[in-house]
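What follows is a single structure, written as structure tokens, with notes after it.
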Amino acid sequence: MGIPNVKRIRITRPDGGRTATLMAVVPKGTDIAAYAAEAAKRFDWKAYEESLKQQFKVRVGQQKQKKR
């Protein structure tokens with residue numbers, strides 16, 4: 001079951017390199033364009049890049065198996 005009234009906002013990095021999707025519950029009557037512009041200024045791109053690197057680590061070689 002999803003959360004009602006969730007808006008998905010796609011923002012781009014200032015240098016145009018990468019995009020990110022923000023999900024937010026925006027109250028009625030709020031200007032979504034202004035909200036997206038303000039959220040894009042506050043977005044932490046460095047932490048976002050680091051989280052993507054940790055998520056897609058490539059394992060090289062084999063790991064030792066523990067004998068029990």
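Here, residue 1 is the first one in the sequence, and each next residue gets the next number.
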(message) With side-chain contact (heavy atoms from CB on, under 4.5 Å) as the criterion, how do Lys7 and Ile32 come out once you've worked through the C-alpha distance, each side chain's angles and the decisive distance to 0.1 Å?
(response) CA-CA 9 Å; Lys7 300 287 183 193; Ile32 295 177; 4.0 Å; yes
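- Side chain to side chain, Arg10 and Thr19 meet the donor-acceptor criterion of an N or O pair below 3.5 Å.
- Note that CG of Asp44 and CD of Glu50 are 8.0 Å apart. Values are rounded to the nearest 0.5 Å.
- Contact check on Glu49 versus Lys53 returns no salt bridge, with no Lys/Arg side-chain nitrogen under 4.0 Å from an Asp/Glu carboxylate oxygen.
- In plain terms, the two heavy atoms of Trp45 and Ala40 that are nearest each other are NE1-O, 4.4 Å.
- Listed here is the closest heavy atom pair of Ile11 and Phe43: CD1-CG, 3.7 Å.
- For the residue pair Ala24 and Tyr35, the shortest heavy atom distance occurs at CB-OH, 3.5 Å.
- Taking 4.0 Å as the cut-off between side-chain N and carboxylate O, Asp15 and Arg13 count as a salt-bridged pair.
- When side chains are defined from C-beta on, Met23 does not count as touching Ile9, because their heavy atoms never get closer than 4.5 Å.
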